[in-house]
Trainee: 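The structure follows.
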Amino acid sequence: MADFTVGDDGFAIDGKPVRLLSGALHYFRVHEGQWDHRLAMLRAMGLNCVETYVPWNLHEPRPGRFRDVGALGRFLDAAHRAGLWAIVRPGPYICAEWENGGLPVWVTGRFGRRVRTRDEGYLDAVRAWFAELLPQVAERQAGRGGPVIMVQAENEYGSYGTDAVHLRRVVELLRAYGVSVPLFTSDGPEDHMLTGGSVPGLLATANFGSGAREAFRVLRRHRASGPLMCMEFWCGWFEHWGAPPVVRDPARAAGALAEILECGASVNVYMAHGGTNFAGWAGANRSGPLQDEELLATVTSYDYDAPVDEYGRATEKFRLFRQVLAGYAEAPLPPLPPEPVGPAVPVRAELTEWAPLDTVLEALGDEEAAESGVPPTFEELGVDRGLVRYRVAVPGPRRPYPLEVRGLRDRAVVYVDGVRRGVLSEGACALEEPVAGPAEVELWVESLGRVNYGPRLGEPKGITGGVLHERQYLHGVRARALRLDAFEEPGAVAGVPFAPVGGEGGPGLYRGTFGPVAGADHAGLELPGWTRGFVWVNGFCLGRYWSAGPQHTLYVPGPVLRDGVNEVWVLETEGAGAPFVRLGPGLPVRTGG
């Protein structure tokens, strides 16, 4: 057992001063079979602590239906075995470039703009979640022989609001469910953020990527004494679909890290290892100064240009960070664990069967919702990730008029009388060619990830307005959902009536196999000519692919691969390429720009 304390002069363990050299590694972005290796990489880089968020929506997708909440406890046990202390950030909001900032769809759908406030209904939902989650944190606190030394109250609240009552209530809930280690808040190093997000009596920390001296000067205006800590040292950044790649020069990043430590501060490298947004859990952002413009969907890779890349390999940034951190280590750093390797020979997986999207919906979709006057949103249908097919009739006879979708989020493939007529988005929400009546319109709408940061947090998905023909709303809408989690059930696709792949190349579910991938710790999967959709290997969802780039290779964790026959599914939503996928050794290590 150990006593971790936060004093006027700094952090201490059993009375001995300690500097926290932490690294972010999110257990939910790394396959459990690879936790030990990634944690060993953090130790080898010179870190003595690991930090993780906890995504509420992953573990409670529907009210009271909890799923593998114990994964956090198993990860904390792995951190303890690796000789690392642990910082836990349970939210309830986490941002993290994660779908809806970690808040479940049923929470934001029910409470809307009342989330992250003192609203009693919202706090009751948080209370029930914390009651399920926090006992495993409490029993692994340092004072009880575990690795947990600090827990965060909420997350970057100063970037969102000023409800001090809400923050106090979150603190009370953490304490009520057994969290006795020091609590902290983290916010940007700006006066309004620290004013809105900090809590009297709790450690306040700052998040930034450079300029440590100035950032800590601002923090000292709000906390005259106590430890200085950068809780998120942004050593890289995340990427959006359709945008250029993002890299950060390793030498400059190492210099920024050195400046933090020269200030006598502790640090949490964000990210030490980023991992992957498996299963469509990537979030999204809004552009513009008020985050009120174009939706920017986050890519599947969360490599983050981190020192340990998505494939678990040491980068040049890792080597430079290790040199900096070695100067603050209490003992020689451990050697690097063996580097993970990809397939020695590229593997081609032929896709030999397929089923059209309508057929897949019939086999795996929800029951069609009752016909309604307006299109139901994803939230009203209870859908977090996946597709919704909306159907509505254009009465007739009538002349051709423009067809427009008001309040479309995010992207819709439109068919008129079974013929594809275009792809619509928020910024281009009207078909190029007018539509005459009578006609049957189908709109296949996909959520590209919910906003995870800023005032648009919790905005609904799907069709949030209506379908207009000329200036007339079309009513009598039928909606049916195809959820991604329908593919997670054992034997999920057994009931799909597949047929041999011919020359169709249209939207649908494709299936094929490939043989053993000998000696591979991972693979990189490519889909030449495919447009947009999701891929599963042996029932494990690798995440979204999209020809828009910049990501063109999906990460395949080694523990997913089998020694014998492997099965691959591809759910294409717009237009398929050649009927195969390729598995190779993966992307090269990024060295910065």
Side-chain angles (χ1 to χ4, degrees), residues 26 29 53 55 57 93-103 105 108 155-156 159-160 188 207 209 232 234-248 270-271 274-306 310 377-379 384-387 405 407-413 423-429 445-464 484 531-534 543-554 573-574 590 593:
H26 301 154
R29 284 181 160 129
Y53 280 124
N57 52 7
Y93 162 82
I94 64 171
C95 185
E97 290 72 61
W98 188 258
E99 161 84 4
N100 220 27
L103 298 175
V105 163
T108 53
N155 179 57
E156 293 184 319
S159 297
Y160 183 79
N207 301 338
E232 290 185 15
W234 303 318
C235 64
W237 206 244
F238 50 92
E239 296 177 338
H240 293 123
W241 291 112
V246 180
V247 294
R248 183 174 185 187
Y270 192 100
M271 297 291 297
T276 309
N277 294 311
F278 297 120
W281 284 109
N285 292 281
R286 289 282 181 179
S287 62
L290 297 177
Q291 287 84 49
D292 58 354
E293 298 176 10
E294 176 189 10
L295 183 87
L296 303 171
T298 302
V299 303
T300 297
S301 171
Y302 202 64
D303 179 89
Y304 209 86
D305 198 20
E310 186 176 15
T377 65
F378 278 35
E379 282 66 23
D384 52 11
R385 298 154 297 128
L387 304 165
V405 183
L408 173 62
R409 304 195 184 110
D410 300 317
R411 192 171 174 91
V413 183
V423 179
L424 303 183
S425 63
E426 278 187 315
C429 58
V445 181
E446 179 188 351
S447 169
L448 299 177
R450 286 175 174 80
V451 168
N452 52 255
Y453 176 84
R456 296 285 286 269
L457 177 72
E459 67 181 13
K461 289 293 187 179
I463 299 177
T464 66
L484 279 193
T531 306
R532 181 172 54 88
F534 296 88
R544 176 182 284 111
Y545 65 89
W546 194 353
S547 59
Q551 180 179 357
H552 296 287
T553 305
L554 294 179
T573 60
E574 291 194 31
R590 298 204 287 188

Trainee: Just by modelled atom types, is the Glu99 backbone N or O under 3.5 Å from a matching donor or acceptor in the Asn57 side chain?
Mentor: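 Confirmed, Asn57 side chain pairs with Glu99 backbone.
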Trainee: Write down the atom of Leu295, the atom of Ala284, and the distance for their closest heavy-atom approach.
Mentor: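 Between these two residues, the closest heavy atoms are CD1-CB, 3.9 Å.
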Trainee: Between SG of Cys95 and CG of Asn285, what distance do you get to the nearest 0.5 Å?
Mentor: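 Here the interatomic distance stands at 7.0 Å.
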Trainee: Please report the C-alpha distance between Ile463 and Val405 in whole Å, then the side-chain angles of each, then the deciding distance to 0.1 Å, and finally whether the side-chain contact (heavy atoms from CB on, under 4.5 Å) criterion is met.
Mentor: CA-CA 7 Å; Ile463 299 177; Val405 183; 3.9 Å; yes
Trainee: Hey, does the side chain of Asp303 reach the backbone of Asp305 with a donor-acceptor pair shorter than 3.5 angstrom?
Mentor: yes
Trainee: Do Leu408 and Val445 have side-chain heavy atoms sitting under 4.5 Å apart?
Mentor: yes
Trainee: In Å, rounded to the nearest 0.5 Å, how long is the span from OH of Tyr302 to CH2 of Trp281?
Mentor: 16.0 Å
Trainee: Checking side-chain polar atoms at under 3.5 Å, does Tyr270 have a donor or acceptor matched by the opposite partner on Asn207?
Mentor: no
Trainee: Just how far is it from atom CH2 of Trp237 to atom OH of Tyr304, taken to the nearest 0.5 Å?
Mentor: 4.5 Å
Trainee: If we check side chain to side chain contact (heavy atoms under 4.5 Å, CB included) with Glu459, which of these qualifies: Glu379, Arg286, Arg450?
Mentor: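 Result: among Glu379, Arg286, Arg450, Arg286 is the only option passing the side chain to side chain contact (heavy atoms under 4.5 Å, CB included) with Glu459.
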Trainee: Rounded to the nearest 0.5 Å, how far apart are OG1 of Thr108 and CG of Leu457?
Mentor: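 Taking OG1 in Thr108 and CG in Leu457, the distance rounds to 7.5 Å.
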Trainee: Kindly compute the distance separating OG (Ser447) from CG (Leu484), expressed to the nearest 0.5 Å.
Mentor: 9.5 Å
Trainee: What's the separation between atom CH2 in Trp98 and atom NE2 in His26, rounded to the nearest 0.5 Å?
Mentor: 10.0 Å
Trainee: Is there a donor-acceptor pair closer than 3.5 Å between any side-chain N or O of Arg248 and the backbone N or O of Trp234?
Mentor: yes
Trainee: Check for a donor-acceptor pair, side chain of Thr300 on one end and backbone N or O of Arg544 on the other, with a separation under 3.5 Å.
Mentor: yes
Trainee: Kindly indicate whether the side chain of Glu294, heavy atoms from C-beta on, has any atom under 4.5 Å from the side chain of His240.
Mentor: no
Trainee: Between Asn277 and Thr298, does any side-chain donor sit less than 3.5 Å from a side-chain acceptor?
Mentor: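 Looking only at side-chain atoms, Thr298 and Asn277 do not form any donor-acceptor pair under 3.5 Å.
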Trainee: Which heavy atom of Ala306 sits nearest a heavy atom of Gly274, and at what distance?
Mentor: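 Heavy-atom minimum between the residues: CB-N, 4.1 Å.
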Trainee: What are the two closest heavy atoms between Thr531 and Tyr545, and how far apart are they?
Mentor: C-CE1, 3.9 Å
Trainee: Would you check if the side chain of Arg409 reaches a backbone N or O of Pro460 as a donor-acceptor pair within less than 3.5 Å?
Mentor: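 Indeed, once roles are kept as given, a pair shorter than 3.5 Å links the two residues.
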Trainee: Tell me whether Glu239 contacts the main-chain N or O of Gln551 through its side chain, where contact means a donor paired with an acceptor under 3.5 Å.
Mentor: no
Trainee: When you measure from the side chain of Ser287 to the backbone N and O of Glu293, does any donor-acceptor pair fall under 3.5 Å?
Mentor: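 Judged by distance alone, no pair lies under 3.5 Å.
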Trainee: What are the two closest heavy atoms between Pro550 and Gly242, and how far apart are they?
Mentor: CD-N, 4.1 Å
